[in-house]
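Below is one structure, written out as structure tokens, with a few remarks after it.
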Amino acid sequence: MTRILLLSMILLFLNCSKKQEIEKNTPYIISQKTHKVIYGDTILSPPPIPGWLVYGTDTFIINSDSTAYYFQNKEIGFICGTPNADTIPYFSNLQSRDLIVISNKNIYDFIKLNYSNDFRNATFIASQSDTINSKFFFDLYKSLKKFERDRDFVCIRRTTQEEDTVIYYKRNNKYYNSTDIKWDKTRIKFPEHLEFVKEKNKTKPQRENLN
């Protein structure tokens, strides 16, 4: 009788643990305005992001269940509420070599080494799909929250046209040059002073190893 009771208690404990894990890992749907609790935090959809702030200081792009692309930007200054700000992402001149592949096996240590204490950290988690349900996402979010300070913030969004394009060229080990891309100008904004100049009869450099 004692053994049966003990077995029942173990099974009950395992079922409760499994249920809690499922609740923690509820898929995050970017297009929804409200989100369920993730690791004890209620996640609210961010307001429209100004085009110049889309990449923040650090960006993680979910690649698979266990990996992501990461790239870093310069520090950002004071952020003022601008409800009428242009939300079309600015061209950032992102290159294939800027995307570093990282694993969730060492994500905590990676953030610990790269998280800055000298300025405000604006971290963006991006996804090419509207629904995020990868282990990397939950491990990343949990680790970021441990290092978040007063004015830091973490924002979750869809990938930009520029990110999607660069990722495509990187995954397929193709030579990438932003001047060769037919950009959808409704989804990306170029600085007024920026001019794409194509030199005729210019030989392209040899393809670099992007892996």
Side-chain angles (χ1 to χ4, degrees), residues 24-65 67-94 98-102 104 107-108 110-167 186-189:
K24 286 182 180 180
N25 293 346
T26 300
Y28 183 99
I29 302 176
I30 298 175
S31 60
Q32 289 185 353
K33 294 183 179 181
T34 57
H35 304 279
K36 293 183 178 180
V37 173
I38 299 178
Y39 285 110
D41 292 323
T42 300
I43 310 302
L44 301 177
S45 293
I49 306 168
W52 60 269
L53 184 61
V54 165
Y55 298 106
T57 56
D58 303 87
T59 299
F60 295 86
I61 303 175
I62 304 300
N63 181 47
S64 68
D65 192 55
T67 63
Y69 294 113
Y70 168 82
F71 64 94
Q72 195 173 62
N73 300 295
K74 62 182 180 180
E75 62 184 272
I76 59 175
F78 179 74
I79 301 175
C80 181
T82 52
N84 297 321
D86 186 356
T87 58
I88 299 176
Y90 284 16
F91 174 73
S92 67
N93 197 27
L94 183 66
D98 297 330
L99 299 177
I100 302 171
V101 179
I102 58 176
N104 65 334
I107 186 61
Y108 178 88
F110 180 86
I111 294 174
K112 184 177 181 180
L113 291 173
N114 288 276
Y115 212 72
S116 176
N117 293 319
D118 299 329
F119 57 82
R120 185 177 189 181
N121 295 279
T123 306
F124 285 86
I125 302 175
S127 170
Q128 291 184 300
S129 61
D130 187 46
T131 300
I132 312 177
N133 194 28
S134 71
K135 186 177 186 303
F136 188 98
F137 168 71
F138 296 106
D139 291 345
L140 171 62
Y141 183 84
K142 181 180 180 181
S143 297
L144 285 170
K145 298 303 288 186
K146 288 185 177 180
F147 291 98
E148 191 176 56
R149 293 177 293 112
D150 293 340
R151 297 176 66 247
D152 297 339
F153 66 86
V154 178
C155 186
I156 304 167
R157 61 168 174 77
R158 290 291 296 272
T159 48
T160 64
Q161 180 185 193
E162 186 174 3
E163 289 170 335
D164 288 337
T165 303
V166 176
I167 287 174
T186 65
R187 298 176 56 206
I188 188 170
K189 186 173 184 178

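The analysis underlying the following values was restricted to heavy atoms, covering all of them including side chains, and did not include hydrogens, waters or symmetry mates. Computed from a prediction, not measured in an experiment: that's the story for all the values here.
- Atom OG1 of Thr165 sits about 7.5 Å away from atom CD1 of Ile188, to the nearest 0.5 Å.
- Taking the ring centroids of Tyr141 and Phe60, they lie at or beyond the 6.0 Å cut-off.
- Pairing each heavy atom of Ser129 with each of Thr131, the nearest pair is OG-O, 3.0 Å.
- Note on ring orientation: taking the six-membered ring where Trp is involved, the planes of Phe153 and Phe124 are perpendicular (angle over 60°, cut-offs 30° and 60°).
- Between Asp130 and Arg158, some side-chain heavy-atom pair lies under the 4.5 Å cut-off.
- At least one donor-acceptor pair under 3.5 Å links the side chain of Arg120 to the backbone N or O of Arg151.
- Here the side chains of Glu148 and Thr123 are not in contact, with every heavy-atom distance at 4.5 Å or above.
- Between the CD1 atom of Ile125 and the CD1 atom of Ile62 there is a distance of 6.5 Å, given to the nearest 0.5 Å.
- A distance of 12.5 Å separates CG in Asp65 from CZ in Phe137, rounded to the nearest 0.5 Å.
- Rounded to the nearest 0.5 angstrom, Arg157 CZ and Thr59 OG1 are separated by 5.5 Å.
- The line from CD1 of Ile61 to CD of Glu163 is 4.0 Å long, rounded to the nearest 0.5 Å.
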Checklist entry - Run the side-chain contact (heavy atoms from CB on, under 4.5 Å) check on Phe138 and Asn104 step by step: do they pass? => result CA-CA 10 Å; Phe138 296 106; Asn104 65 334; over 6 Å; no

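- The OH atom of Tyr115 sits 6.5 Å away from the CG atom of Leu144 when rounded to the nearest 0.5 Å.
- Looking at heavy atoms from C-beta onward, Leu140 lies in side-chain contact with Ile111 at the 4.5 angstrom threshold.
- In this structure, Pro89 and Glu162 have side chains that are not in contact, with every pair of non-hydrogen atoms separated by 4.5 Å or more.
- Judged by distance alone, with hydrogens and angles left aside, the side-chain atoms of Asn121 form no donor-acceptor pair with the main-chain N or O of Asp152 at under 3.5 Å.
- Between the side chain of Thr57 and the backbone N or O of Ala122, at least one donor-acceptor pair lies under 3.5 Å.
- Within the 4.5 Å cutoff, the side chain of Val101 has heavy atoms near those of the Tyr69 side chain.
- Counting heavy atoms from C-beta outward, Arg187 and Ile88 have side chains that stay 4.5 Å or more apart.
- Between Tyr55 and Thr160 the shortest side-chain heavy-atom distance falls below 4.5 Å.
- Taking the six-membered ring where the residue is Trp, Phe110 and Tyr70 present perpendicular rings, their angle passing 60° and hence far from 30°.
- Nearest heavy-atom pair, Ser64 versus Ser134, reported as atom, atom and distance to 0.1 Å: O-CB, 3.6 Å.
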